[in-house]
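Heads up: the structure comes next, in structure tokens.
Residues take their numbers from the sequence shown, with the count starting at 1. As the structure lists them, so they are numbered: ligands from 1, and atoms in each ligand from 1. Just so it is clear, the structure is predicted and the values come from calculations on it, not from any experiment.
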Amino acid sequence: MSYPRSMMSPVNVAERSGNGEVDWDAFNSAAYFSHNYGELRADDTAIIEIVADFFDGNPPPSDMGRAIDVGSGANLYPAMVMLPYASQVTLVERSFTNREWLAAELGLPHRSWQLFWKVISAGRSAYAPIKEPMETLHGRVRVERGNVFSLAPERYDVGTMFFVAESITTRTDEFERATRLFVNALRRNAPFAAAFMRHSFGYDVAGKHFPACSINEDDVSRALAPVARNVMIERVTSEGLRPGYDGMIVATGRRK
Ligand SMILES: C[S@@+](CC[C@H](N)C(=O)[O-])C[C@H]1O[C@@H](n2cnc3c(N)ncnc32)[C@H](O)[C@@H]1O
């Protein structure tokens, strides 16, 4: 996950930054990966169960269409969860360092992703035909330079956005816009899953501070209301990733 997965220093709490004021090319992808996804944590396991079950019961209206994961960072598991439902998976990233990391990682993935795949695929028949998940992922993924605030509308059949809207800005209006523009990039009725850090005050990656917007379940609900239907919001317990957050939130639903 994301953002909270690092240490927050109290001196940073007072800083205010919009998304455009942050040097995203200074994001240390390797440090972020190792802190968050070098091993499988209980919080990510819980999120996977929610999201994989949701897509299982709510597949996209069109078979094997296009998937999008927004702000992928150094996280491959949202894309892995969408594999049975998409012939193409676009990973949209603003950060050059994360795009470079993703391209390299897809060719030579860390072993920890196998642990994530085990949880994703266990007991779900949709994943059974995928025998070599990392090779399949590599074959279907496109890493694209992009910005959640300028995504074209109605392009994708299924989508994920994990720890992005609330973890790229301190501004509530940008959190809401990012959430809505992500859903807006999907076609009508397309299913989506989004994860959020709860009550986060920002995070450090390899000593560099990144902003966050402190949100709760009501904020997520409010952000999604104009663009989504059948929204389910669940709180996920998470401890020990770093100080300065209070669990995680997962939202699923369909674009209106
Ligand atoms: C906290 S990280 C989350 C990474 C990953 N999704 C995860 O689950 O761990 C936030 C990510 O959003 C990316 N990002 C920042 N601003 C963005 C923007 N305007 N559009 C798209 N991605 C952005 C950052 O480069 C970073 O990879």
Show the atoms of ligand 1 that are less than 4.0 angstrom away from any heavy atom in Tyr32. 1 (C), 2 (S), 3 (C), 4 (C), 7 (C), 9 (O)
Would you check whether Tyr77 reaches within less than 4.0 Å of ligand 1, judged by its heavy atoms? no
Where does Trp24 meet ligand 1, judged by heavy-atom distances below 4.0 Å: at the side chain, the backbone, both, or neither? side chain
Within the 4.0 Å heavy-atom shell around Asn98, which atoms of ligand 1 are there? 25 (O), 26 (C), 27 (O)
On a heavy-atom basis, which atom in Met197 and which in Ser167 lie closest, and how many Å separate them? CG-OG, 4.1 Å
Using the ring of each side chain (for Trp, its six-membered ring), is Phe210 parallel, tilted or perpendicular to Trp24, with breaks at 30° and 60°? parallel
If hydrogens are left out, which of Val148, Leu181, Leu102 has an atom nearest to atom 21 (C) of ligand 1, that is, the closest non-hydrogen atom? Val148
Go through ligand 1 atom by atom and flag the ones less than 4.0 Å from a non-hydrogen atom of Asn147. 18 (C), 19 (N), 20 (N)
Would you call the rings of Phe182 and Phe192 parallel, tilted or perpendicular, taking 30° and 60° as the class edges? perpendicular
Identify the heavy atoms of Ala52 and Ile120 that sit nearest to each other, and give their distance. CB-O, 4.3 Å
As an exercise, identify every atom of ligand 1 less than 4.0 angstrom from a heavy atom of Ser167. 1 (C)
At under 4.0 Å between heavy atoms, which part of Ile168 makes contact with ligand 1: side chain, backbone, both or neither? side chain
Compute the minimum heavy-atom distance from Phe210 to ligand 1 and say whether it is under 4.0 Å. no
Among side-chain atoms of Ser150 and Asn147, is any donor-acceptor pair under 3.5 angstrom? no
Taking only heavy atoms of Phe162, which atoms of ligand 1 are found under 4.0 Å from at least one of them? 3 (C), 5 (C), 6 (N), 7 (C), 8 (O)
I'd like to know if Arg41 pairs up with Glu239 as an ion pair, taking the criterion as any Lys NZ or Arg NE/NH1/NH2 lying under 4.0 Å from an Asp or Glu carboxylate oxygen. no
Of Ala178, Ser72, Ala165, Ser95, the one whose closest heavy atom lies nearest atom 5 (C) of ligand 1 is Ser72
List the steps and the verdict of side chain to side chain contact (heavy atoms under 4.5 Å, CB included) for Thr97 and Tyr32. CA-CA 11 Å; Thr97 49; Tyr32 184 84; over 6 Å; no
Which of the numbered atoms in ligand 1 are under 4.0 angstrom from any heavy atom belonging to Phe163? 1 (C), 2 (S), 3 (C), 8 (O), 10 (C)
Between Arg198 and Glu217, does any NZ, NE, NH1 or NH2 come within less than 4.0 Å of an OD or OE carboxylate oxygen? yes
